[in-house]
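Notes follow the structure.
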Amino acid sequence: MIPGYRDQPTERWDPVAPVDPGEAEDFLRQCYLENPRLGPVEPRLAIVRAQIAATGGYVHTTEELAYGAKMAWRNASRCIGRLYWRSLVVLDRRRARTADDIFSLLVHHLQTAGGGTGRPGAIRPVISIFAPALPGQPYARVWNEQLIRYAGYRTEDGSSVGDPRNEQFTAAMQGFGWQGKGEAFDVLPLAIETPAEGVRLYELPERAILEVPLTHPEFAWFAELGLRWHAVPAIANMRLTIGGVQYPLAPFNGWYMGTEIGARNLADTDRYNMLPIVAARMGLDTSRESTLWRDRALVELNRAVLHSYEKAGMKISDHHTESARFLTHLRNEEKAGRRVPADWTWIVPPMSGGITPVFHRYYEELDLRPNFYLDAEAQALAKDGTRCPFTG
């Protein structure tokens with residue numbers, strides 16, 4: 001599951017503005033209340049207030065950073081997998097400055113998230129937090145939407161090869177000199193931007209990319225489709241906010257829920273659009289919608305995803321299991337006296353939603369912080385490699 005996020009914060013982020021002392025105090029009081037081992041909060045508040053008054057910002061301790069990141073996942077209203085928020089592995093990368101250093105640490109992130117050399121496929125939730133944005137100063141970022149995404153190409157006859165979602169971004173990377181193979185599952189390079197170096201492209205090494213070829217438990221022909229998908233869904237362009245401090249480069253991952261691949265990435269008509277192809281190979285009647293050919297093909301496509309990942313030893317979950325676990329998370333948070341923000345349209349799975357327990361209830365859509373946000377400029381860069389005209 002990818003930790004969820006709101007599209008836009010309640011208040012637009014101003015990169016020039018100093019840290020809000022009130023937001024800093026709210027976070028620190030909650031952090032220290034939930035972690036008594038950190039000691040009394042009042043001395044820490046005095047230090048932070050002085051730092052903000054002098055510099056416009058303050059520096060999180062390692063413990064504050066780690067717990068703040070976990071709280072951000074806990075508050076992520078679009079994530080169904082928040083039962084595991086305490087298990088998030090937090091990598092403090094605030095000292096990294098050069099593009100080479102950032103790239104090396106992102107490769108390490110993917111290897112750590114993938115289970116390492118000892119347990120490949122034992123996917124772990126990981127976040128790498130790089131330097132915060134300082135008021136009025138430029139900052140490092142990754143242009144890519146995710147650390148691993150597949151290229152999309154528009155051919156001369158107007159057809160598409162690869163992931164249509166990424167066609168414009170792929171063209172932008174080609175404009176920087178990158179040349180893919182022109183195949184359906186070419187991994188895009190990472191576009192890393194730093195204040196001192198501008199934008200530099202990096203090819204991910206094979207050791208950082210866990211991929212699963214897709215087969216079906218019953219249909220031998222399914223392997224002939226040549227489908228595959230990667231195992232670590234690492235969001236790369238979200239801004240993490242903790243106590244008023246903004247971290248524009250803080251890539252994070254969970255593990256996949258099968259429907260994210262089988263019911264969205266491979267099934268959506270503006271993505272790989274595999275349902276008509278699967279239906280044809282199954283010999284289904286596609287002449288009218290009432291035969292439910294889409295539904296039947298969708299089930300088998302999702303069976304193939306779950307079967308293939310389990311066969312390869314790659315951690316993945318199904319939507320029924322995760323729906324039940326989310327309700328456990330709700331009960332745990334209610335016992336702790338905390339409200340749980342949730343976006344119904346994201347919590348309910350994109351397949352068989354009505355027969356999952358998360359369907360039959362209402363949720364509060366709250367903007368609680370710490371949290372993750374998608375800014376207009378980051379969204380534009382991930383889409384087509386251009387800057388939003390409204391953000392400068």
Side-chain angles (χ1 to χ4, degrees), residues 13-19 24 47-48 51-52 54-69 72 88-113 126-148 172-173 176-178 188-205 207-208 232 234-253 370 372-375 377-382 385 387-388 391-392:
W13 174 43
D14 181 359
V16 179
V19 168
I47 295 173
V48 168
Q51 288 182 338
I52 294 175
T55 68
Y58 69 102
V59 179
H60 287 128
T61 67
T62 300
E63 293 81 6
E64 292 164 359
L65 186 75
Y67 199 72
L88 180 65
V89 177
V90 181
L91 303 177
D92 185 349
R93 306 307 197 190
R94 288 177 289 179
R95 293 185 178 182
R97 290 294 182 273
T98 69
D100 284 349
D101 288 344
I102 292 172
F103 174 68
S104 177
L105 292 171
L106 293 178
V107 170
H108 184 268
H109 176 122
L110 288 171
Q111 291 179 295
T112 301
V126 177
I127 184 169
S128 293
I129 305 177
F130 292 85
L134 300 177
Q137 296 186 26
Y139 48 83
R141 72 190 324 158
V142 168
W143 286 18
N144 306 62
E145 179 184 42
Q146 294 191 24
L147 295 183
I148 300 175
M173 296 302 98
F176 281 107
W178 179 76
L188 284 162
L190 291 182
I192 300 174
E193 180 181 12
T194 62
E197 301 165 288
V199 182
R200 297 183 62 184
L201 302 192
Y202 294 84
E203 292 272 11
L204 284 169
R207 68 179 186 278
V232 179
I235 296 289
N237 67 337
M238 303 302 301
R239 171 171 56 86
L240 168 65
T241 177
I242 300 176
V245 179
Q246 313 296 328
Y247 296 93
L249 181 49
F252 58 89
N253 71 274
F372 297 96
Y373 295 103
L374 180 60
D375 298 310
E377 184 175 8
Q379 192 171 28
L381 288 171
R387 296 190 180 279
C388 175
T391 58

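Bear in mind that the values here come from a model prediction, so they are computed numbers and not experimental data.
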Worksheet item: What's the shortest heavy-atom distance between A140 and P248, and which atoms?
Response: O-CB, 4.2 Å
Fill in: Residues which pass side chain to side chain contact (heavy atoms under 4.5 Å, CB included) with I47, listed by chain and number, not counting sequence neighbours
R44, Q51
Worksheet entry | A133 versus Y139, closest heavy-atom pair with distance | CB-CD2, 3.8 Å
Practice prompt. Could you list all the salt bridge (Lys or Arg N to Asp or Glu O under 4.0 Å) pairs where at least one residue sits in residues 126-137, not counting sequence neighbours?
Written response: none
Worksheet item: Side chains of I235 and F372: closer than 4.5 Å at any heavy-atom pair?
Response: no
Practice prompt. For D92, check salt bridge (Lys or Arg N to Asp or Glu O under 4.0 Å) against everything at least two apart and list the hits.
Written response: R94
Practice prompt. Quick one: list whatever passes side chain to side chain contact (heavy atoms under 4.5 Å, CB included) with L105, sequence neighbours left out.
Written response: R93, A96, F130
Response to the item:
Between L110 and A234, the two heavy atoms sitting closest are CD2-CB, 4.3 Å
Item to complete: Output all residues satisfying side chain to side chain donor-acceptor pair (under 3.5 Å) with Q246, sequence neighbours left out; order by chain, then residue number.
Response: R239, T241
Practice prompt. Return yes if some donor-acceptor pair links the side-chain N/O of N237 with the main-chain N/O of V142 below 3.5 Å, else return no.
Written response: no
Worksheet entry | Nearest heavy atoms of A113 and V126, plus distance in Å | CA-CG2, 3.8 Å
Worksheet entry | For T98, all residues meeting side chain to side chain contact (heavy atoms under 4.5 Å, CB included), sequence neighbours excluded | D100, D101, E197
Practice prompt. Kindly give the heavy-atom pair with the smallest separation between G57 and T55, and that separation in Å.
Written response: O-OG1, 2.9 Å
Worksheet item: Got L188 and W178 here, is their nearest side-chain heavy-atom distance under 4.5 Å?
Response: yes
Discussion item. Once rounded to the nearest 0.5 Å, what's the spacing between atom CG of L201 and atom CE of M173?
Written reply: 5.5 Å
Worksheet item: Can you check whether V199 reaches E193 side chain to side chain, under 4.5 Å on heavy atoms?
Response: yes
Discussion item. Run the side chain to side chain contact (heavy atoms under 4.5 Å, CB included) test on R207 and V107 for me, step by step, so that the C-alpha distance in whole Å, both residues' side-chain angles and the decisive distance to 0.1 Å come before the verdict.
Written reply: CA-CA 9 Å; R207 68 179 186 278; V107 170; 3.9 Å; yes
Fill in: Taking every non-hydrogen atom, the tightest pair across L147 and H109
CD1-CD2, 4.3 Å
Worksheet item: So which of L190, L240, N144, L106 actually passes side chain to side chain contact (heavy atoms under 4.5 Å, CB included) with P251?
Response: L106
Response to the item:
Rounded to the nearest 0.5 angstrom, the OH-CZ distance for Y247 and F252 is 15.5 Å
Worksheet item: How many angstroms lie between CE in M238 and CZ in R141, if you round to the nearest 0.5 Å?
Response: 12.0 Å
